[in-house]
Amino acid sequence: MKDTLLKEAVKMLDYSYSPYSNYKVGAAILTDTGKIYTGCNIENASYGATICAERTAAVKAVSEGEKRFTAIAIACSGSTFAYPCGICRQFLYEFCVPGMKLYLIKKDGETREELFEEMLPYGFRGSDIN
Ligand code: THU
């Protein structure tokens, strides 16, 4: 599954809309029902309205009723790994299952594997306000 997810994330680089940064990102999320949802970064002339690849994939999954993510793969066009930005870490945290994997791949094909929870220690779930 790791290889499939990484391959799907790399495929998404072709759909990246990134005329401002010229930095392509692709993501593929695996849900606990075995489905894969993909996304790419989508930039905007206002810059601030840009959406990261991870959140593109996440909103596709959640809007189809899939709210339990077991893994995410992130590919980028750069020569260093594209770890998810702070906003994406918080956004994904909402839907991560314990042990969710984070797979990364960079331009030269090198890969890395992490535990998603370790990317956001003491992450906020808001359980005390709900
Ligand atoms: N980007 C992502 O898609 N994911 C990240 O986690 C980091 C940044 C995108 C946003 C923007 O289109 C480009 O990378 C440069 O920041």
Side-chain angles (χ1 to χ4, degrees):
M1 191 43 84
K2 174 183 175 177
D3 288 348
T4 305
L5 267 195
L6 283 167
K7 210 178 282 178
E8 290 298 312
V10 169
K11 260 199 242 169
M12 291 310 290
L13 295 174
D14 288 343
Y15 297 104
S16 165
Y17 177 73
S18 43
Y20 304 104
S21 72
N22 288 312
Y23 184 74
K24 296 176 194 287
V25 185
I29 289 172
L30 177 68
T31 70
D32 68 344
T33 60
K35 293 197 183 111
I36 292 175
Y37 293 86
T38 57
C40 61
N41 57 330
I42 304 171
E43 298 186 344
N44 188 271
S46 75
Y47 288 33
T50 292
I51 304 174
C52 293
E54 299 92 317
R55 277 177 289 142
T56 303
V59 298
K60 284 168 73 178
V62 176
S63 61
E64 300 277 326
E66 298 285 327
K67 286 175 269 200
R68 291 173 57 81
F69 303 168
T70 57
I72 184 168
I74 304 169
C76 72
S77 59
S79 52
T80 57
F81 292 106
Y83 279 83
C85 77
I87 294 173
C88 287
R89 289 177 199 213
Q90 178 62 33
F91 197 87
L92 293 166
Y93 188 71
E94 189 85 12
F95 308 107
C96 74
V97 303
M100 176 179 162
K101 293 275 173 42
L102 167 64
Y103 304 124
L104 301 159
I105 184 165
K106 55 189 176 78
K107 192 171 66 179
D108 64 4
E110 189 188 344
T111 64
R112 199 175 270 185
E113 185 174 328
E114 309 278 2
L115 259 185
F116 178 75
E117 298 131 85
E118 291 177 0
M119 302 296 113
L120 194 65
Y122 305 104
F124 179 65
R125 279 201 197 281
S127 53
D128 49 349
I129 54 169
N130 292 325

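The analysis underlying the following values was restricted to heavy atoms, covering all of them including side chains, and did not include hydrogens, waters or symmetry mates. This structure is a prediction, so every number in the text was calculated from the model and none was measured. In listed order, ligands and their atoms are each counted from 1.
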| request: Working to the nearest 0.5 Å, report the span between CZ of Arg55 and OG1 of Thr50. | output: 9.0 Å
| query | Considering only protein heavy atoms, which is closest to atom 13 (C) of ligand 1, and at what distance to one decimal place? | reply | Glu43 OE2, 3.5 Å
| message | Please list, in number order, the atoms of ligand 1 under 4.0 Å from a heavy atom of Tyr23. | response | 13 (C), 14 (O), 15 (C)
| task | Around atom 6 (O) of ligand 1, find the nearest protein heavy atom and jot down its residue, atom name and distance. | result | Glu54 OE2, 2.6 Å
| remark: Per-atom filter on ligand 1: closer than 4.0 angstrom to a heavy atom of Ser21 are 13 (C), 15 (C)
| task | Kindly indicate, with the supporting measurements, whether the criterion side chain to side chain contact (heavy atoms under 4.5 Å, CB included) is fulfilled by Lys2 and Lys101. | result | CA-CA 9 Å; Lys2 174 183 175 177; Lys101 293 275 173 42; over 6 Å; no
| Less than 4.5 Å apart, any side-chain heavy atom of Arg68 and any of Thr31? | no
| task | Flag the pair Glu66 / Phe95 as yes when at least one side-chain heavy-atom distance between them is below 4.5 Å, and no otherwise. | result | no
| query | Does the protein put a heavy atom under 4.0 Å from atom 16 (O) of ligand 1? | reply | no
| request: May I ask you to check if ligand 1 and Cys85 share an N or O to N or O distance below 3.5 Å? | output: yes
| request: Please work out which of Cys52, Ala57, Pro84, Gly26 has its closest non-hydrogen atom nearest to atom 1 (N) of ligand 1. | output: Cys52
| message | I need the atoms of ligand 1 closer than 4.0 Å to a non-hydrogen atom of Asn41, numbered in the order shown. | response | 3 (O), 9 (C), 11 (C), 12 (O), 13 (C), 14 (O)
| field | Cluster overlap Leu102 with Leu92, hydrophobic side-chain contacts below 4.5 Å | value | yes
| Worked verdict on Tyr83 versus Arg112 for side chain to side chain contact (heavy atoms under 4.5 Å, CB included) | CA-CA 10 Å; Tyr83 279 83; Arg112 199 175 270 185; 3.0 Å; yes
| message | Which residue and atom name correspond to the protein heavy atom nearest atom 10 (C) of ligand 1, and how close is it? | response | Thr50 CG2, 3.9 Å
| task | Consider only side-chain heavy atoms of I, L, V, M, F, W and Y, link residues closer than 4.5 Å, and tell whether Met100 and Tyr37 are in one cluster. | result | no
| query | If you measure from each non-hydrogen atom of Ser18 to ligand 1, which part falls under 4.0 Å: side chain, backbone, both or neither? | reply | neither
| task | Report the part of Tyr83 (side chain from C-beta onward, or backbone N, CA, C, O) that has a heavy atom under 4.0 Å from ligand 1; answer both or neither where that applies. | result | backbone
| query | Just checking, any donor-acceptor pair under 3.5 angstrom between side chains of Ser16 and Asn41? | reply | yes
| Quiz item: cation-pi between Lys106 and Phe81, 6.0 Å / 45° | yes
| request: Give a yes/no on ligand 1: does Cys88 have at least one heavy atom closer than 4.0 angstrom to it? | output: no
| query | Does any N/O atom on Ala53 come nearer than 3.5 Å to any N/O atom on ligand 1? | reply | yes
